[in-house]
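By convention in this document, chain letters (A, B, ...) are assigned in the order of the sequence lines, proteins followed by strands, and residues within each chain are numbered from 1.
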Amino acid sequence: MSFRVSCPSAITFRVMPHRLRFAPSPTGYLHVGGARTALFNWLFVKKYGGQFLLRVEDTDRARSTDDSTRAIFEGLEWLGLDWDEDVVYQGANLARHRADVAQLVEAGKAYRCFCTQAELDEQRKAAEARGEAFRYDGRCAHLPADEVTRRVAAGEPFVVRFRVREGETSWTDLVHGPITFPNKDIGEGDFIILRTDGTPIYNLAVVSDDIAMGITVVMRGDDHISNTPKQILLYEALGKPLPQFAHLPMIHGMDGKKLSKRHGATAVGDYQHMGILPQAMLNFLALLGWSPGNDIEVMTVPQMIELFSADDLSKKAAIFDTKKLEWMNGQHLALMAAAELAPLVIRGIVAAGLATEADLKAREPWLLALIELLKIRARTTDEIVRQAIPYLRDPIDYDPDAVAKQWKDREASRDILQATRAALAAAALWEAQPLEDALRGLAESRSMGAGKLFQPLRVALTGSAASPGIFDVLVMLGRDRSLERIDGAVRYITQHA
RNA sequence: GGCGGUAUCGUCUAGGGGACUAGGACGGGGCCCUCUCAAGGCCCAAACACGGGUUCGAAUCCCGUUACCGCUACCA
């Protein structure tokens, strides 16, 4: 036994070689919902021990693409959700799927059905017209063996249906507790497991593969709850032990509907490109449907593993709130050392054409100091890059609002800037403290508030009314560049007077 | 329609019959800090879906109702 139940709602897992899997279909990008499912599977394995496997469910040939498969790998790699063993491609297991179906047919647990799709559609429509739920009437369920043989030999197309037994099917879901389905309510009766073209239907392929991969805990979205009784019946018929099932709630958009493109960015790659940190994404996703308790929110990945518990999983669908994701990212940004952030910021700066990598590497201490200043003010690495522009490129752009407000009186502004320049130029050392002494001294001599001096200067230096502390800005810019910026501002004011 | 699932501030959640005047966080509002912007600190508004039980006592247990979500394919 891989677990023990101490009371119906508290399930404690021993550290054991559990085998879990994430099984996406490669029909799009890695969705945040899929990423969260993968994360919980991964956390489970890291916490309780075992292997986390990856299976690509590419049996829908029409919709599956290699691009999509690659995007899923990249997404998982970016998040750091590494998997064990080789990736399993469901499409490669066709022979086993068919062998499992053959076994079921031989055992009389499944049968060939010669009803055509057109006939079925008609019956479905008729049932609907009568206001009834359609159920396959089982007309092929008891065909004489010789008739079946004759029709198969004649090349008549058929599907294979699974014989759903009477009774009910239930299991104890790791997140939902006991769930029971009367078998008569499982789908439309005897369900199809093999298509006319000899390929398996999802439920059969999944069970066959999960058995072959030795999966002990099936953790997936709760949109699969109604597939579960079918799958349990298949395990039974195949004579295999059942895994544990854990059905995670869905993620919805702000309008409460299932998350889709309409809600904006839904692929993890979108967030990567927005400058979200993988650990922040993981942290945010983990909190959607799980809570460690004790009001803990911001966690590193090792902390998440430490605190994770399968019985603290929530049953309720969660809404994806990008505001909180951004806040979370800001928290992780603040937590990271500038040196850790540097590679990300360098990549952004180079991509924006603001500097070359060689240039940045050559003045790494300066860059680290700049990152230190900006990271607390930014919510994404992209924002750090944007805020770094005035320190990297000349000439700077003046923000019209800042100019209008801080240089309102042209004459006075020019005068103040010139006096400021002189005071700064006279400073013995270009360091924060002497510069501060110089400027505060100037303000006092003119009996004006320091802010009245700093704001026009800030616009001259950065083009913006918001920046890190003014002395830090002066130091980052250096003496020459600072004085030039002031000169440039004076010229600008003169020209636009 | 049938079946299944879910229900605490706008959002993520804490809560395991008395510790609930329902806690934290995001977002919103205000104040403080302060050269601006952030960050940080403090404060405010904001929720147990509804109705019945069970119980001395219910956000917590049970039953209904309602709402929302999912499934209902020779998709996965």
Side-chain angles (χ1 to χ4, degrees), chain A residues 7 9-10 23-27 57-60 62-64 90 113 116-117 120-121 124 127-128 131-135 157-161 173 176 179-182 184-188 191-197 199-203 205-206 221-229 247 249-250 252 254 256-258 284 287-298 314-321 323-328 330-331 334 373-379 387 402 406 436 439-440 443 449-455 457-459 462 464-471 473:
Chain A
C7 83
S9 62
S25 359
T27 55
E57 307 213 320
D58 54 354
T59 52
D60 184 354
R63 291 195 296 160
S64 301
Q90 192 161 61
C113 168
T116 66
Q117 215 156 159
L120 258 16
D121 285 347
R124 224 185 304 266
E128 199 180 322
E132 289 170 14
F134 170 71
R135 297 194 81 236
F158 61 85
V159 298
V160 174
R161 284 183 185 272
D173 197 274
H176 291 273
I179 299 179
T180 299
F181 280 78
K184 66 175 176 49
D185 292 323
I186 296 177
E188 298 182 339
F191 56 90
I192 297 172
I193 53 178
L194 195 74
R195 297 186 188 93
T196 311
D197 67 1
T199 60
I201 288 293
Y202 171 74
N203 286 118
V206 166
D222 69 10
D223 49 342
H224 285 290
I225 286 180
S226 30
N227 281 322
T228 306
H247 288 95
M250 304 271 82
H252 291 165
M254 273 310 232
K257 304 276 187 230
K258 190 172 166 174
F284 174 72
L287 258 21
L288 248 39
W290 171 65
S291 165
N294 297 117
D295 298 333
I296 297 169
E297 297 217 291
V298 180
S314 155
K315 303 184 215 295
K316 195 187 140 197
I319 289 174
F320 193 87
D321 181 3
K323 281 280 197 340
K324 187 148 185 174
L325 205 212
E326 283 167 20
W327 167 79
M328 183 64 80
Q331 296 295 307
L373 249 29
L374 300 182
K375 69 171 191 178
I376 205 77
R377 273 163 254 265
R379 295 207 140 187
Q387 290 182 28
Q406 304 303 338
E436 176 160 9
L439 290 193
R440 291 206 187 271
K452 289 265 183 280
L453 209 62
F454 298 168
Q455 278 305 84
L457 175 59
R458 191 184 311 279
V459 178
T462 67
S464 161
S467 83
I470 198 74
F471 310 109
V473 172

Q: Report which part of the nucleic acid A:F181 touches: base, sugar-phosphate, or nothing (heavy-atom distance under 4.0 Å, all strands).
A: sugar-phosphate
(Q) Is the phosphate of B:A76 approached by A:T27 (side-chain N or O, under 4.0 Å from OP1 or OP2)? (A) no
**Q.** Minimum-distance nucleotide to A:L287 side chain [options: B:A25, B:G70, B:C12]
**A.** B:C12
Q) If you check the A:W327 side chain, which of B:C74, B:G27, B:C35 turns out closest? A) B:G27
Q | Under 4.0 angstrom between A:R377 side-chain N/O and B:G40 OP1 or OP2 | A | no
Q) Counting only side-chain N and O atoms of A:H176, is one of them less than 4.0 Å from OP1 or OP2 of B:U6? A) yes
Q) Are the side chains of A:K316 and A:P249 in touch, meaning some heavy atoms are under 4.5 Å apart? A) no
Q) Nearest to the side chain of A:I179, which nucleotide is it out of B:C35, B:A76, B:G4? A) B:G4
Q | Sugar-phosphate, base or nothing in reach of A:I319, heavy atoms under 4.0 Å | A | sugar-phosphate
(Q) Measuring centre to centre across the rings, with the benzene-like ring taken for any Trp, is A:F454 within less than 6.0 Å of A:F471? (A) yes
Q | Between B:G27 and B:C63 - P atom distance, rounded Å | A | 40 Å
(Q) Distance criterion of 3.5 Å, no angle test: do you see the side chain of A:K315 paired donor-to-acceptor with the base of B:A7? (A) no
Q) Can you check the A:H224 NE2 to B:C3 C1' distance for me, whole Å? A) 18 Å
Q: Counting heavy atoms from C-beta on, name the nucleotide in B:A25, B:U36, B:C12 closest to the side chain of A:A466.
A: B:U36
Q.
Going by purine N1 to pyrimidine N3 plus the second Watson-Crick contact, or the G-U wobble pair, all under 3.5 Å, which nucleotide sits opposite B:G57?
A. none
Q: Mind checking A:D185 for me? I need base, sugar-phosphate or nothing, with any heavy atom below 4.0 Å counting as a touch.
A: sugar-phosphate
Q) What's the closest nucleotide to the A:I225 side chain, out of B:C12, B:G27, B:G5? A) B:G5
Q.
With hydrogens left out and only the distance checked, is there a donor-acceptor pair under 3.5 Å joining A:T196's side chain and the base of B:C74?
A. yes
**Q.** Distance-only donor-acceptor test (3.5 Å): side chain A:N294, base B:A14
**A.** no
Q. So, the side chain of A:H247 versus the backbone of A:H176: is there a donor-acceptor pair under 3.5 Å, distance only?
A. no
Q: Check whether any side-chain heavy atom of A:L288 sits under 4.5 Å from a side-chain heavy atom of A:F320, and report yes or no.
A: yes
Q: Give a yes or no on whether the backbone of A:K184 and the side-chain of A:R135 come within a donor-acceptor separation of less than 3.5 Å.
A: yes
Q. So what does A:P229 hit on the nucleic acid, given a heavy-atom distance under 4.0 Å: a base, only sugar-phosphate, or nothing?
A. nothing
Q: Determine the contact category for A:Q331: base if any of its heavy atoms lies under 4.0 Å from a base atom, sugar-phosphate if only primed atoms, P, OP1 or OP2 are that close, otherwise nothing.
A: sugar-phosphate
